[in-house]
Protein chains: 2
Amino acid sequence: MALTKADRNILRLMQQDATITLSELAEQVGLSPSSAQRRLQKLREDKVILRDVSIVDPKKVGGAVSMLVEVELERDRPELLPPFQRWVAETPEVQEAWGTSGRGDYTLVILAQSVDHFDALADRMMELNPNIRKFTTSVVLKTLKRGLVVPVE
Amino acid sequence: MALTKADRNILRLMQQDATITLSELAEQVGLSPSSAQRRLQKLREDKVILRDVSIVDPKKVGGAVSMLVEVELERDRPELLPPFQRWVAETPEVQEAWGTSGRGDYTLVILAQSVDHFDALADRMMELNPNIRKFTTSVVLKTLKRGLVVPVE
DNA sequence: GATGAAAAGTAGTGACC
DNA sequence: GGTCACTACTTTTCATC
């Protein structure tokens, strides 16, 4: 599963634009189309490339209010952790979620259609998860950068 | 630019898997392949779909330490804001960045190869941006959810 | 063990209804 | 929006290094 120089270049290019054709890809990494294809296939098999997705502009599909929410959970109720994690997984408005060291135990990126929508969502979150001690909300005023691009040296 | 029901379904499907063929897509949204293609093309033209990308597993390409960093900037030096934003844009380890209301002015998602790498990165950040008053770092212990999926009702 | 060239198969595109 | 013909891309085969 060692990555060759070509593999790394493929990863770099595919993270920028996955609609690139194999011929273009092949040319840019200095391989034949069929070779590039085999490499790409292997990268997918090995789950180096997890999947290919379209990136949608939230502003173009209804309202778009982003919030960063730091959630602090009761540490003495570990049995309520899985339900919380399930809620995160199942709630489409929760775009991203990390468990962290430090103050807020969890940080969530929430994308709601409006402030009202967010408010309802936060209410539901509290209702469904009695182990949430408190949470702090930061309204996103400006999105500087968005992406899941992994730097490939 | 009003989205039809089919458009919304296309967006939902393409956010899950952009390698789906037009025939599959067409079948799932109840259109003919060429109709689905036209819809998709228009969604791209109108920048509803911004781009298509491969999602790469950071663990499979070298180390992977994620950090959430809250940065507080000096409010009385607005001329240093553009350089900071340029640094964010140009630094590949900064995966995401938001400007927020509330305490930390900016929140960054950083992906480094190691703690040492992160440390060097943070040093460089401070050096290049004298308007950073302070910053707090949270180590990501667990990534619960990752993605840019926009819920399409 | 992986590569590249070429053939065969499949998918995407555009004109027309 | 659907049908069809055309083009382009992808995938497999096969010989080669």
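Here is the naming used below: chain letters follow the sequence lines, and residue numbers restart at 1 for every chain. What's counted below: heavy atoms across the whole structure, side chains too, no hydrogens, waters or symmetry copies. Since the model is a prediction, treat every value here as computed from it, not as a measurement.
A distance-only check finds no donor-acceptor pair linking the side chain of A/Lys145 to the backbone of B/Leu108 [under 3.5 Å]. In this structure, the side chain of A/Arg12 engages the main chain of A/Val152 through a donor-acceptor pair within 3.5 Å. Side chain of A/Asp105 to main chain of A/Leu73: a donor-acceptor pair is present (N/O by atom type, distance under 3.5 Å, no hydrogens or angles).
As rounded to whole Å, 10 Å separates atom P of C/dG14 from atom CD of B/Glu45. When rounded to the nearest whole Å, the span between CG of B/Asp52 and C1' of D/dC9 equals 16 Å. Atom C1' of nucleotide D/dT10 and atom CG of A/Leu25 are separated by 13 Å, given to the nearest angstrom. Across the protein-nucleic acid pair, B/Leu31 atom CG and D/dT3 atom C1' stand 14 Å apart, rounded to whole Å. Atom CD in A/Glu27 sits about 14 Å away from atom P in D/dT10, given to the nearest Å. Rounded to whole angstrom, the span from the CG atom of A/Asp7 across to the C1' atom of C/dA2 amounts to 12 Å. Atom-to-atom, CG of B/Leu22 to C1' of D/dT10 comes out at 14 Å; the value is rounded to the nearest Å. A/Leu3 has its CG atom 13 Å from the P atom of C/dA2, to the nearest Å.
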Subject >> Under 4.0 Å protein heavy-atom contacts per nucleotide of nucleotides 12-17 of chain D, with B for base, S for backbone only and - for none >> reply: BB----

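Considering only side-chain N and O atoms, B/Ser32 lies nowhere under 4.0 angstrom from the phosphate OP1 or OP2 of D/dG1.
For the residue pair B/Glu24 and B/Thr21, a side-chain donor N or O sits within less than 3.5 Å of a side-chain acceptor on the partner.
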Subject >> Worked verdict on B/Tyr106 versus B/Phe84 for ring-ring contact (aromatic ring centres under 6.0 Å, His included) >> reply: CA-CA 10 Å; B/Tyr106 289 88; B/Phe84 172 72; 5.1 Å; yes

**OP:** Walk me through it: do A/Ser114 and A/Asp116 pass the test side-chain hydrogen bond (donor to acceptor under 3.5 Å, both in side chains)?
**Re:** CA-CA 5 Å; A/Ser114 63; A/Asp116 282 356; 5.3 Å; no

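Heavy-atom nearest nucleotides on DNA chain C were determined for A/Pro33 and for A/Lys42, and the one closer to the 5' end corresponds to A/Lys42.
A/Arg8 pairs by the salt bridge (charged side-chain N to carboxylate O under 4.0 Å, His left out) definition with A/Glu153, not counting sequence neighbours.
With distances taken from any side-chain atom of B/Thr21 to the nucleotides D/dG2, C/dA11, C/dG4, the minimum falls on C/dA11. Comparing atom distances between the B/Arg39 side chain and each of C/dA11, D/dG1, D/dT11 picks out D/dG1 as nearest.
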